[in-house]
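Below you'll find the structure, written out as structure tokens, and then a few comments.
Since we're looking at a predicted model, the values are computed, not measured. Proteins come first, then strands; the chains are lettered A, B, ... in the order of their sequence lines, and each starts at number 1.
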Protein chains: 2
Amino acid sequence: MSTTSVTDDACGLRERKKRETRRAINLAALDLVEEKGFASVTTEEIAARAGVSARTFFNYFPSKEAAVIGTTAEELESYAAALEEAVDGESPLDSLRRILAGMLAPASVDRELRAKRRRILLGEPALAPALVGNNIRIENALTGALERRLGMRPGESLGPRLTVAVAIAAVRACIEHQQNGGSGRLERNIDQAFDSIAAGLR
Amino acid sequence: MSTTSVTDDACGLRERKKRETRRAINLAALDLVEEKGFASVTTEEIAARAGVSARTFFNYFPSKEAAVIGTTAEELESYAAALEEAVDGESPLDSLRRILAGMLAPASVDRELRAKRRRILLGEPALAPALVGNNIRIENALTGALERRLGMRPGESLGPRLTVAVAIAAVRACIEHQQNGGSGRLERNIDQAFDSIAAGLR
DNA sequence: GCCGATTCTGCAGTGACTGCAAAATTGCAG
DNA sequence: CTGCAATTTTGCAGTCACTGCAGAATCGGC
């Protein structure tokens with residue numbers, strides 16, 4: 001009901017507190033997973049370190065995995081907004097390359113946090129299923145955005161969903177390639193992957 | 001029931017019995033999910049209907065989801081073998097189109113079972129995360145096969161993994177498109193998707 | 001300082017999943 | 001057939017993720 005702007009305006013104190021709690025739980029989860037490994041961490045521990053009750057933990061996240069991953073609706077909206085706005089001379093695939101690469105790169109702000117996230121999320125094989133599950137959310141958000149950018153109704157054409165799904169798959173393939181000790185460096189491989197796709201795979 | 005399936009070498013009696021048990025659990029799981037929905041089915045029920053103890057259930061499948069999905073190592077190997085062998089005039093992407101489409105199409109044998117599987121697996125949103133998780137196994141198997149077909153060492157190049165990941169993503173996008181009430185028919189959309197990819201997405 | 005609405009918390013319960021050791025079953029050799 | 005070793009099944013006890021519910025605490029506006 002409140003007119004929450006695109007990213008964030010410090011509206012009520014109540015809202016801010018919820019964000020802080022959410023963030024605290026996510027950070028506690030990341031730290032604990034780094035210390036002991038995903039399997040050895042209990043939701044009670046995470047809740048305790050975050051300073052909330054065990055029950056409140058599940059008011060913020062539907063599962064232990066989700067608490068570690070910690071993707072917020074705001075992030076999704078922000079990526080969607082970035083894709084929705086067309087940039088001159090940039091194809092949808094180009095935009096996706098830029099946005100998805102940005103999700104992985106440690107940003108100027110929160111540099112260490114982003115790096116830590118990446119290290120922990122990609123270093124825990126037990127999280128892989130949950131991560132690809134999370135990709136579905138991202139795919140849906142980006143598909144809607146691309147449809148709007150192209151002036152289409154939802155589901156009108158297969159095109160937007162296909163483009164988004166392929167782009168996400170490309171990034172995921174590069175990550176997987178890296179984890180299996182594959183050749184090359186991540187950033188470079190992603191560039192190469194998008195070039196291959198634009199040129200037409202065989 | 002004694003008709004051992006197509007790709008089955010009747011080795012020992014012990015081995016055959018394990019296969020039958022595995023299959024019985026999978027079928028029981030499918031039936032029960034169809035009757036009551038995934039969330040309302042317990043692993044004990046599945047075990048009971050399959051005629052094994054609750055504990056034995058977990059000797060065959062690591063989770064409730066896996067029991068419903070029921071992908072066997074033999075299936076994976078069979079798909080991998082199909083991809084590994086090169087066919088004249090068929091690019092890797094073409095082979096993947098043929099093989100992946102074959103996984104979805106109700107085969108001549110087991111027609112009803114395949115149809116039922118498809119109906120139940122795709123009709124249960126709760127299974128979506130597990131299904132994409134399962135895709136990782138398929139991706140790894142197919143990536144290895146394509147690497148061998150191209151005479152590459154594992155991880156030598158990003159190419160094979162990228163091709164496989166994109167192909168799987170294409171099929172998944174078509175399914176998702178269908179489930180969201182999107183336009184067109186599945187078979188046709190898959191063809192169109194692979195054509196788009198071969199032509200180079202933008 | 002008071003009230004309605006939201007949020008937090010404790011409690012009790014269900015059910016997935018695991019390790020362990022005894023019991024049943026199988027394959028094989030004598 | 002018959003014991004014997006290996007494999008598989010099973011029951012049991014236990015841990016932990018996750019849920020509904022109802023009361024306690026907190027917040028925002030008056």
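A:Phe58 has its CZ atom 14 Å from the C1' atom of C:dG15, to the nearest Å. Atom CD in B:Glu20 sits about 15 Å away from atom P in D:dT8, given to the nearest Å. Remark: P of C:dA16 and CD of B:Glu65 are 9 Å apart, rounded to the nearest angstrom. Separating the CZ atom of A:Arg22 from the P atom of C:dT7 is a distance of 13 Å, rounded to the nearest angstrom. Whole-Å rounding puts the B:Arg16 CZ to D:dT7 P distance at 20 Å. Note: CG (A:Asn59) to P (D:dC18) measures 14 Å, nearest angstrom. A:Lys64 has its NZ atom 8 Å from the P atom of D:dC18, to the nearest Å. At whole-Å resolution of the value, CD in B:Glu15 and P in C:dG27 are 11 Å apart.
For the OP1/OP2 pair of D:dT8 and a distance below 4.0 Å, the side-chain nitrogens and oxygens of B:Lys17 include no atom meeting the criterion. At least one side-chain nitrogen or oxygen of B:Lys18 sits closer than 4.0 Å to the OP1 or OP2 atom of D:dT8. In this structure, B:Ser53 reaches the D:dT10 phosphate: one of its side-chain N or O atoms is under 4.0 Å from OP1 or OP2.
B:Leu146 pairs in a side chain to side chain contact (heavy atoms under 4.5 Å, CB included) with only one of the listed residues (B:Thr143, B:Leu142, B:Leu150), which is B:Leu150. Of the residues B:Arg119, B:Arg114, B:Glu112, the one that meets the side chain to side chain contact (heavy atoms under 4.5 Å, CB included) test with B:Lys116 is B:Arg119.
There is a side-chain donor-acceptor pair under 3.5 Å between B:Ser95 and B:Arg149.
Residue A:Phe57 is out of contact with every strand shown, counting any heavy-atom pair closer than 4.0 Å. Nucleic acid contact for B:Thr43: sugar-phosphate only, since backbone atoms but no base atoms lie under 4.0 Å from a heavy atom of the residue. Within the 4.0 angstrom heavy-atom criterion, only backbone atoms of the sugar-phosphate kind lie near B:Thr42; the bases stay farther away.
No more than 12 heavy atoms of other residues, nucleotides or ligands shown are found within 6.0 angstrom of CZ on A:Arg188.
Side-chain atoms of A:Tyr60 lie closest to C:dC8 of the nucleotides C:dC8, D:dT10, D:dC18. When distances are taken from the side chain of A:Arg55 to each of D:dG11, D:dT19, D:dC27, the shortest belongs to D:dT19.
The pair B:Glu45-B:Lys36 counts as a salt bridge, with a side-chain nitrogen and a carboxylate oxygen less than 4.0 angstrom apart.
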